[in-house]
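Worksheet: the structure to be examined is printed underneath.
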Amino acid sequence: MTLFQPATFFHYLLSFDYAAAAVNTLWIGLNEGAYMAEIMRSGILAVGQDQRDAARALGLREGQIMRLVVLPQAFRIIIPPIGNQFIGMLKLSALVSVIGVRELLLVADQSASYNFRYLEALSAAAIYYLALTNLFMAVQSRIERALLREAAERPGAGRPMLTPS
């Protein structure tokens, strides 16, 4: 029995207590929701008031100002911190074993205590965490590049706020 075999890993990971999983989802949702809301709020407030005033001068309504002027600029600002928050949330998920949810690190530890192969089990958990973190980073990078291309193609949009990586 090894965690390097995906079938074994998913068998152990998916046999969990649903009540503990619900508590975990509520806890992480409330905790991360507060951070996400603050990131969104600060991104929207980072768009200058002069942008809104110019849109009002053009005759746009408040909903149009938000949808056509503020949010496209705010998204370029908030994508990097939201991506970082998702990666942080992935790392934070290791703490849910405290409330009894069978998550990756707990499964690795239980597997290692069964067969005394701690290096193999914890290495497998590290590889899974690394793969998931790299996946999230790649998705975030693609979103940032798409926003850069969109900003560069838009006439009169000025210089993009993000730098290419």
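We're numbering straight along the sequence, starting at 1.
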Kindly say whether R61 contributes a backbone atom to a donor-acceptor pair with the side chain of Q64 at under 3.5 angstrom? yes

In short, P72 meets M66 closest at the heavy-atom pair CD-O, 4.2 Å

Separation between CZ (R117) and OG (S111), nearest 0.5 Å, reads 8.5 Å

Separation between CE (M137) and CG (N84), nearest 0.5 Å, reads 9.5 Å

d(R142 CZ, E144 CD) to nearest 0.5 Å is 13.0 Å

Residues A74 and G43: closest non-hydrogen pair is CB-O, 3.5 Å

inquiry  = Please evaluate residues R52 and E62 with respect to the criterion side chain to side chain contact (heavy atoms under 4.5 Å, CB included), reporting the C-alpha separation (whole Å), side-chain torsions for both, the decisive distance (0.1 Å), and the verdict.
reply    = CA-CA 9 Å; R52 292 178 178 91; E62 289 300 318; 6.0 Å; no

Should V139 and L147 be counted in the same cluster of Ile, Leu, Val, Met, Phe, Trp and Tyr side chains packed under 4.5 Å apart?
yes

| task | Please check if atom CZ in F86 has more than 12 non-hydrogen atoms from other residues, nucleotides or ligands closer than 6.0 Å. | result | no

**Message:** Could you tell me if the side chain of M89 sits less than 4.5 Å from the side chain of Q85, heavy atoms only?
**Reply:** no

Quiz item: Should the heavy atoms of other residues, nucleotides or ligands under 6.0 Å from OH of Y118 be counted, would the total exceed 12?
Solution: yes

Rounding to 0.5 Å, atoms CD1 (I127) and CG (N134) come to a distance of 12.0 Å

- Query: Under the side chain to side chain contact (heavy atoms under 4.5 Å, CB included) criterion, do I87 and L132 qualify, and how do the steps go?
  - Reply: CA-CA 9 Å; I87 292 170; L132 289 172; over 6 Å; no

*Under 3.5 Å donor-acceptor, S123 side chain and L119 backbone*: yes

Between the CD1 atom in I79 and the CD1 atom in I39, the distance rounded to the nearest 0.5 Å is 10.5 Å

Check: Counting distance only, does the side-chain N/O of Q73 pair as donor-acceptor with the main-chain N or O of V69 below 3.5 Å?
Finding: yes

task = With the side chain counted from C-beta on, respond yes when R41 and L45 share a heavy-atom pair under 4.5 Å apart, and no when they do not.
result = yes

In short, P81 meets I78 closest at the heavy-atom pair CD-O, 3.2 Å

For N31 and Y35, the nearest pair of non-hydrogen atoms, with its separation, is O-CD1, 3.2 Å

In this structure, CG of L58 is separated from CD1 of I65 (nearest 0.5 Å) by 9.0 Å

Could you go step by step and tell me if V70 and Q51 meet the side chain to side chain contact (heavy atoms under 4.5 Å, CB included) rule? CA-CA 8 Å; V70 175; Q51 299 283 333; 5.8 Å; no

Task: Verdict with reasoning, I82 to M40, per side chain to side chain contact (heavy atoms under 4.5 Å, CB included) - done: CA-CA 9 Å; I82 282 184; M40 295 286 212; 4.1 Å; yes

